[in-house]
Number of protein chains: 4
Amino acid sequence: MSTDTAPTDAEAACFEAGIKFGSLYHQFAGTPVSPDTAPSLAAAMADSIENQPHCREVTVDVRTDELEAALAESTADYTELTGRFLEVEIVVDYEGCEVVTRMEMEDGYPLMRLESVRSRE
Amino acid sequence: MSTDTAPTDAEAACFEAGIKFGSLYHQFAGTPVSPDTAPSLAAAMADSIENQPHCREVTVDVRTDELEAALAESTADYTELTGRFLEVEIVVDYEGCEVVTRMEMEDGYPLMRLESVRSRE
Amino acid sequence: MSTDTAPTDAEAACFEAGIKFGSLYHQFAGTPVSPDTAPSLAAAMADSIENQPHCREVTVDVRTDELEAALAESTADYTELTGRFLEVEIVVDYEGCEVVTRMEMEDGYPLMRLESVRSRE
Amino acid sequence: MSTDTAPTDAEAACFEAGIKFGSLYHQFAGTPVSPDTAPSLAAAMADSIENQPHCREVTVDVRTDELEAALAESTADYTELTGRFLEVEIVVDYEGCEVVTRMEMEDGYPLMRLESVRSRE
């Protein structure tokens, strides 16, 4: 049997959280980054995405250890931002439903996942 | 009282759908576009995002009527892609849960929303 | 008659300056921005693009007056970054040739242009 | 001694060519791509950038050999577009000056360079 119902607030909150993650990643992937410029880029990523509706908090860590490891293998002193260099947590609050989401590397891929969905009622 | 449970498949499906929307919008917003080049851009947007996990179908319509209206007011023959020129439908299938999402203009803003969440069990 | 010669250092410097401008614009156009978050975005834009080869200095001003004017006409409290909100100066130094370039609005369009090309010999 | 003169048409043409390259790269870097979707992405990249002023022709080749090699090493069936997968030629015509530019890999880096600058007078 199949059920087709109007989305719940929790589902809408998860949808909103996904939008923020896709936005953050595809807006900033490819940006030239080095250990020196990682902090200002991380700050701008967090501030910019926090503008989006229902977005309570964005925490971006550009992993300078990974950045330095990548640059040690190369002749360049900067590289392009990609998931390998990022740890991100995004908290969305939609109609009293709080969703915590996180991106980190798993098996060599940046994995975005739902951490928790919490309704206040 | 507050409840904090592991995300359901439906919630994870909605999160995945949001990721696709945020990705599509922020990857391609700002692309130079004209009525002549709208079809190839729309095709690439759909094809590219369909690569993402759990993404069953992406339909992108670049609204040439709006594009022509914008260009009629200007001296340029192209503009930058933004939500005003887009209608998008994305269907995600995650562990037997199908989510249909849509973006269209509402009150002058591109609004992304969940259309339906359907579990097959 | 047509002449086809190896590019001069001045021409290569101008090419490099153009790359920086195109990069800056298309990397960051579409970013969610508000008067509060404009400063961190401007800082990240400048820092990021200064990583690129031969780039001596990037100065980014996000025009909060224009941003506030745009938001006053709308119900949203943020918008997407576009040329209307930007004034940028980029200085490139390539093999002893300094090129100064600038982007600002002219007749409603963000115009990127060469200010000066200076050889030191 | 230092000379500071108004830019020549050839220098302006090189600046314009650089803008197109930076735009193309930073607009599309990060796009999800697979061997199946490479052709539509390449077509959209060329069509979109050809909209820009003074841009006569853009040729984009997404290197499916490199794409397949990258995917063979991974468990994913798509990856993110980056310079490793691209060969691009852009021809700009500015006030009778034709500039040919090219991007290809060199020592593991995507190098953008001026091929020729040709004045017709």
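Proteins come first, then strands; the chains are lettered A, B, ... in the order of their sequence lines, and each starts at number 1. All values below come from the heavy atoms of this structure, side chains included, with hydrogens, waters and symmetry mates left out. Note that the coordinates shown come from a computational prediction; the quantities given were computed from them, not determined experimentally.
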A.B. asks: Under 3.5 Å, which donor-acceptor pairs link side chains of residues 57-66 of chain D to any protein atom two or more places apart or in another chain?
C.D. replies:
{"residue": "E66(D)", "atom": "OE1", "partner": "R84(D)", "partner atom": "NE", "Å": "2.8"}

A.B. asks: At a heavy-atom separation under 4.5 Å, does Y25(D) approach chain A through its side chain, its backbone, both, or neither?
C.D. replies: side chain
A.B. asks: If we ignore angles and hydrogens, is there a donor and acceptor under 3.5 Å between the side chains of E115(A) and T101(A)?
C.D. replies: no
A.B. asks: Considering only heavy atoms, give the residues of residues 33-45 of chain D separated from chain A by less than 4.5 Å, sorted numerically, with 'none' for an empty result.
C.D. replies: none
A.B. asks: Identify which one of R56(D), R102(D), R113(D) satisfies the salt bridge (Lys or Arg N to Asp or Glu O under 4.0 Å) criterion when paired with E89(D).
C.D. replies: R102(D)
A.B. asks: Start with the C-alpha gap between I90(A) and C55(A), add the side-chain angles, then the distance that decides, and say whether side-chain contact (heavy atoms from CB on, under 4.5 Å) holds.
C.D. replies: CA-CA 8 Å; I90(A) 299 179; C55(A) 192; 4.2 Å; yes
A.B. asks: Let's test your reading of the structure: which of A29(A), A76(A), G83(A) forms the most heavy-atom pairs below 4.5 Å with chain D?
C.D. replies: A76(A)
A.B. asks: Set out, in order, the CA-CA distance, both residues' side-chain angles and the distance that settles side-chain contact (heavy atoms from CB on, under 4.5 Å) for F85(A) and T79(A), then state yes or no.
C.D. replies: CA-CA 10 Å; F85(A) 305 120; T79(A) 186; 3.9 Å; yes
A.B. asks: Tell me which pairs pass salt bridge (charged side-chain N to carboxylate O under 4.0 Å, His left out) where either residue lies in residues 15-32 of chain D, with sequence neighbours left out.
C.D. replies: E16(D)-K20(D)
A.B. asks: Checking Y78(A) now: which residues fulfil ring-ring contact (aromatic ring centres under 6.0 Å, His included) with it, not counting sequence neighbours?
C.D. replies: none
